[in-house]
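A short worksheet on the structure shown next.
As the structure lists them, so they are numbered: ligands from 1, and atoms in each ligand from 1.
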Amino acid sequence: MKDLIGIVLAGGQSKRFGKPKALAKRNGKEFILYSVETLRSITKNIIIVVHPELKKNLPVIDQAIFITDIEPYKGKGPLAGLFSVMSQYEAKWYMVLPCDVPFINDHILKILQLYQDEKWDAILPRVNKRIQPLVALYHRRVKEEIKSRLERNELSMKYLLDNIQVKYIDLIDEQPFMNINTKEEYEKFVR
Ligand SMILES: Nc1nc2c(ncn2[C@@H]2O[C@H](COP(=O)(O)OP(=O)(O)OP(=O)(O)O)[C@@H](O)[C@H]2O)c(=O)[nH]1
């Protein structure tokens with residue numbers, strides 16, 4: 001079994017953005033590449049969970065595995081993406097990133113790794129009291145909990161976290177976690 005798999009979640013619909021966020025650019029580079037390259041600083045095992053529409057438009061990304069959400073959970077949000085990887089690729093831990101955080105950096109992931117311990121089910125940043133469930137480490141043992149939530153259609157990450165052992169790491173700098181959901185946010189923060 002692998003020690004760590006890095007997951008990029010890119011299976012969302014980008015409705016608020018109006019076109020795939022993963023392909024929006026910061027300094028000429030697609031958002032999704034920021035997530036992939038940051039994960040590469042801690043693992044060579046990268047799995048990218050894409051929306052079927054996105055597949056044909058992606059930039060070249062070598063040495064990564066591309067999948068889509070598995071049935072019957074397709075499109076059921078980040079938990080569907082996480083479970084799709086966990087159920088097909090075994091690892092002790094999974095480091096998750098979304099595809100819309102173009103200011104993310106290696107340092108954040110390395111901080112989370114410092115707290116890797118069998119007693120935690122998940123390790124995630126809390127930035128000025130705001131939790132960041134999509135920039136986080138998840139232990140393989142949460143797979144069944146995620147599955148049963150997907151089956152009950154309880155898709156909130158927050159409720160999952162309320163029911164597992166989570167180590168929160170308090171951080172102050174918000175910039176690495178800034179996620180871009182709308183064109184307005186893009187114009188204001190990225191361009
Ligand atoms: N694999 C997978 N990833 C998802 C799914 N829904 C959202 N994501 C990813 O989770 C992250 C956060 O998604 P959101 O911004 O909440 O949702 P979104 O669908 O991308 O955008 P909106 O349609 O505007 O809500 C992004 O990286 C998405 O690509 C899904 O159903 N499956």
Worksheet item: So is Lys183 actually on top of Phe17's ring, under 6.0 Å and inside 45° of the axis?
Response: yes
Response to the item:
atom 2 (C) of ligand 1 has as its nearest protein heavy atom Gly11 CA, 3.4 Å
Practice prompt. Considering heavy atoms of the protein only, find what lies nearest to atom 31 (O) of ligand 1 and give residue, atom and distance to 0.1 Å.
Written response: Gly77 N, 2.7 Å
Discussion item. Checking a contact table here: which protein heavy atom is nearest atom 22 (P) of ligand 1, and how many Å away?
Written reply: Lys15 N, 3.5 Å
Item to complete: Determine whether Asn163 and Arg149 make a side-chain contact, defined as any pair of heavy atoms from C-beta on separated by less than 4.5 Å.
Response: yes
Worksheet item: At their closest point, which heavy atom of His139 faces which heavy atom of Trp120, and how far apart are they?
Response: CB-O, 3.8 Å
Discussion item. Within the structure, is a non-hydrogen atom of Ala80 found at a distance of less than 4.0 Å from ligand 1?
Written reply: no
Fill in: pair Gln116-Lys92: side-chain heavy atoms closer than 4.5 Å
no
Discussion item. Which residue and atom name correspond to the protein heavy atom nearest atom 1 (N) of ligand 1, and how close is it?
Written reply: Asp69 OD1, 2.8 Å
Worksheet item: Does ligand 1 have a heavy atom under 4.0 Å from the side chain of Asn179, from its backbone, from both, or from neither?
Response: neither
Fill in: Part of Lys21 with heavy atoms under 4.0 Å of ligand 1, whether side chain, backbone, both or neither
side chain
Discussion item. Give me the residue, atom name and distance of the protein heavy atom closest to atom 19 (O) of ligand 1.
Written reply: Gln13 N, 2.8 Å
Worksheet item: So with a 6.0 Å cut-off around OH of Tyr159, is the heavy-atom count from everything else above 12?
Response: no
Fill in: Residue and atom name of the nearest protein heavy atom (relative to atom 10 (O) of ligand 1), distance in Å to one decimal
Pro78 CG, 3.8 Å
Worksheet item: Can you tell me which residue and heavy atom of the protein come closest to atom 28 (C) of ligand 1, and the distance to 0.1 Å?
Response: Gly12 N, 3.7 Å
Worksheet item: To which protein heavy atom is atom 17 (O) of ligand 1 closest, and what is the distance rounded to 0.1 Å?
Response: Arg16 NH2, 4.0 Å
Worksheet item: Which atom names give the shortest non-hydrogen contact between Glu185 and Asn179, and what distance separates them?
Response: OE1-O, 3.7 Å
Practice prompt. With heavy atoms under 4.0 Å as the rule, classify the contact between Val50 and ligand 1 as side chain, backbone, both or neither.
Written response: neither
